[in-house]
Amino acid sequence: MKKTTIRSIILAMITTFALALNKEGIYEGAKKASDILQFSVLIMALFVIGIFFFYQKTKQEKLHPLKHLLAILFSFCLLIGESYEKVGSWNLVFSSVPLFLLSLLQGICYYFFFVRIFSLLDQSLEKKDSRPLEIKNKYLNKLIAIFKRHPFFVSLGLMLLFWLIYMIAFYPLVLSNDPSFQIKQFFNVRTKYMDYIIPLDDNVNLTAHHPVLHTLLLGGFIKLGRLLGSDNLGLFLYAIVQTLILASALACTITYLYKRKGRLRYCFLLLAIYCLVPMFPFYAMAAVKDTLYTAFIIFYVLFLLYLTETKEKKVTWKIALLLLLNMILVMQFRNNGVYVVLLSFPFLLYYRRKQIFSLGVVFFVALASNSIYNNVILPYFKIPAGSIRETLSVPFQQTARYVKEHEEEVTEEQRKAIDAVLGYDDLKERYNPTLADPVKNNYNPYTTEEELKEYFKVWWQEFLKHPDTYVQATLNNTYGYFYPNTHKWYLYDGEDYSKLITEDHLVDYHYNDLGSLRLALSAYGEAFPFIPLLGLISNIGFQGWLLLLCTVYILCSKKKKYFIALTPSLISLLVCFVSPANTYFRYTMPYIFLMPFILCYTKQILQKEEEK
């Protein structure tokens, strides 16, 4: 028997054992084999056979060190993510020597498995792929001919055709909590957000907690609808505009892919994903600010990609003005959009150093416009900024977990400092490991600068005593962004929030009578993430992995310039790690909606040759 065969058998058996281990059962003191192993003997045998053939059919290639680091990172994510998903801590890995050793074994098996997958990817990219796209159906060939002449309009038209059923079923629009509160603010109705800030004028109930432009857009369409005789019609007009903007952004990715690379196969793959995967039409019909923000991020990434690939071309005034408008919209339709622009655009400035003046002016004007808007225009209209608590979810969660686990070590002086900022007496009861809202929503808006300084002194003191508690608090609130085997907060699929804006006859908002159709589409939307393989398109943890995978492969190649176009997605992923909610789909939309395009484009720039 060959050495490679023996090695494959051993790896298959050890990997299957590692996968079958029920560490939660071991952690809870289980002694029976049936409690320690989570698979039956038959299932384990099938796993051994499958993994054996996988190792036999794939070759071990020499990998770039970054790919080895990525394999280690993915392995660690699986170990830590499983532990937090099951017991809310890292105890399945670090609570005892036996569990640590078993976790180490699992990690090694995961590592070898990922290394082999990366080797397989390398082999795939090394192959020249010159297969033509052959379609015998004459009607499809006519459609392809039309697509070649008008890729944008064909893509846009087909998407709208497939999304039409959602627009009919969810007429006029899906209003969840946030946009419902925004509409109330537009009509100057007091909302909970006024309790989070110090008002500039007691007669103004609009705040910048949500993007003010988006709030005005929502309210403005309702006003337009009233002129036409129906609030519902106004909301539907908003839905049409939002759907057109999102669909146009996605159609632009297909158009850019075709015009820059001429790859029909991947263009049609993207089109199929955009038409059939439910997250796209569902969020097109959801009034959350993230939909338009995601569309503007897509346009921004395409701008970065174009300016990266046309380094020697002069930046025209038309491109400069469109880019400026796009950057302003990115910053105005989500409060953290400014960080995406601020941290990503300098990479382009460095790469196009010869045109740094023209691009630098665009960058400066965009940031200056954002600053004037937030610091001059909004205060002029007595619209207060959002609360600083929105940026402090991480330390607040760490403090809450510390109080929950080490309350007996909190001194009276420390208690007073925490109480002045967050309220102490019920802090440990309010602590939710995966959602910071119950803790941060109790932030005292009248906290002085001195009180905040005292709080952070206490925060630092407690960190020095129990740094592991702080690390665990952050991991517990973020693990879903790097662990594919968890799923939460996915769709706004028609739950009726209408009472938020229909009370006191504020807005006449109601669905049509197609409840059965809404139920069927909602069932498809909720079931999609659990469809084998296809469901990974909307899996938050897996999509984060794919983004890191594309980043590493580009950095390991000679096409490092394309890293520039990945920076907005990477920054959006990093923003998730300081967000208040774990595995919150809305926060991931700026990179998940882009990932099909990023994957196709990355494969093509790394592939040696493709079909034209």
Side-chain angles (χ1 to χ4, degrees), residues 54 57-74 113-133 151 250 252-273 298 301-312 344 347-348 350-352 533 536-537 542-573 591-612:
F54 171 75
K57 297 296 181 180
T58 57
K59 294 180 181 179
Q60 174 69 57
E61 299 283 346
K62 185 177 180 181
L63 296 178
H64 191 284
L66 278 179
K67 295 175 184 176
H68 284 285
L69 288 176
L70 189 63
I72 294 171
L73 176 62
F74 285 175
F113 190 72
F114 285 124
V115 164
R116 193 58 64 94
I117 288 176
F118 296 162
S119 297
L120 192 63
L121 285 175
D122 285 353
Q123 293 165 28
S124 173
L125 292 173
E126 285 295 319
K127 293 179 181 178
K128 293 183 179 181
D129 186 2
S130 56
R131 293 170 293 169
L133 184 64
L250 297 173
C252 281
T253 65
I254 297 172
T255 304
Y256 191 90
L257 184 67
Y258 176 69
K259 289 190 173 181
R260 300 299 298 179
K261 296 295 180 181
R263 310 301 195 244
L264 284 175
R265 184 180 307 162
Y266 295 103
C267 292
F268 295 144
L269 175 62
L270 280 184
L271 185 56
I273 290 173
I298 293 171
V301 167
L302 291 176
F303 268 118
L304 292 181
L305 197 53
Y306 171 77
L307 291 169
T308 299
E309 293 187 325
T310 57
K311 182 180 180 180
E312 302 306 321
S344 63
F347 287 98
L348 181 67
Y350 178 77
Y351 181 69
R352 296 194 58 149
L533 295 181
L536 294 174
I537 294 173
F542 185 74
Q543 293 298 310
W545 281 17
L546 288 182
L547 178 58
L548 293 178
L549 183 68
C550 291
T551 303
V552 165
Y553 265 77
I554 284 175
L555 291 177
C556 293
S557 72
K558 296 179 180 179
K559 308 289 181 68
K560 293 180 177 60
K561 66 180 182 180
Y562 288 99
F563 174 77
I564 296 170
L566 291 178
T567 51
S569 297
L570 291 168
I571 295 163
S572 298
L573 176 59
Y591 64 87
I592 287 186
F593 275 38
L594 265 167
M595 276 314 300
F597 170 72
I598 290 174
L599 274 175
C600 290
Y601 211 85
T602 300
K603 183 180 185 299
Q604 290 183 78
I605 62 176
L606 296 180
Q607 191 92 35
K608 281 193 171 182
E609 185 177 330
E610 278 285 355
E611 105 272 2
K612 293 287 184 183

Here the pair of heavy atoms bringing Met595 nearest to Leu547 is CE-N, 3.7 Å

Where do Cys600 and Leu257 come nearest, in terms of heavy atoms and distance?
-> CB-CD2, 4.3 Å

Parallel, tilted or perpendicular for Phe114 and Phe74, by the 30°/60° rule?
-> perpendicular

Whether Ser124 side chain and Leu120 backbone form a donor-acceptor pair below 3.5 Å | no

Enter the distance from His64:NE2 to Asp122:CG here, rounded to the nearest 0.5 Å.
-> 11.0 Å

Sub-4.5 Å side-chain heavy-atom contact between Phe118 and Leu549 | yes

Knowing that exactly one of Leu305, Leu250, Thr602 qualifies, which makes a side chain to side chain contact (heavy atoms under 4.5 Å, CB included) with Phe597?
-> Leu305

Say you draw a straight line from CG of Leu566 to CG of Leu304; how long is it, rounded to the nearest 0.5 Å?
-> 10.0 Å

Measure across Ala565 and Val301 and return the closest heavy-atom pair with its distance rounded to 0.1 Å.
-> O-CG1, 3.6 Å

Begin from the C-alpha positions of Phe303 and Leu348 and carry the test side-chain contact (heavy atoms from CB on, under 4.5 Å) through to its verdict.
-> CA-CA 10 Å; Phe303 268 118; Leu348 181 67; over 6 Å; no

side-chain hydrogen bond (donor to acceptor under 3.5 Å, both in side chains): pairs with one or both residues in residues 559-569, sequence neighbours excluded | Glu309-Tyr562

Over 60° means perpendicular and under 30° means parallel, so classify the ring planes of Phe54 and Phe113, tilted if in between.
-> tilted

dist Leu599:CG -> Leu594:CG (nearest 0.5 Å) comes out at 11.0 Å

First locate atom CG of Leu546, then atom CD of Gln543, and finally report the distance between them rounded to the nearest 0.5 Å.
-> 5.0 Å

Taking all non-hydrogen atoms of both residues, which atom of Thr310 and which atom of Arg352 are closest, and how far apart?
-> O-NH1, 3.0 Å

If you measure from OH on Tyr351 to NZ on Lys311, what distance do you get to the nearest 0.5 Å?
-> 4.5 Å

Check whether the ring centres of Phe347 and Phe563 lie less than 6.0 Å apart, and answer yes or no.
-> yes

In short, Pro568 meets Ser572 closest at the heavy-atom pair O-OG, 2.8 Å

Please list, chain by chain and in numerical order, all residues satisfying side-chain hydrogen bond (donor to acceptor under 3.5 Å, both in side chains) with Ser344, sequence neighbours excluded.
-> Tyr300

Less than 4.5 Å apart, any side-chain heavy atom of Ile605 and any of Ile554?
-> yes

Hey, what do you get for CG (Leu264) to CD1 (Ile254), rounding to the nearest 0.5 Å?
-> 11.5 Å

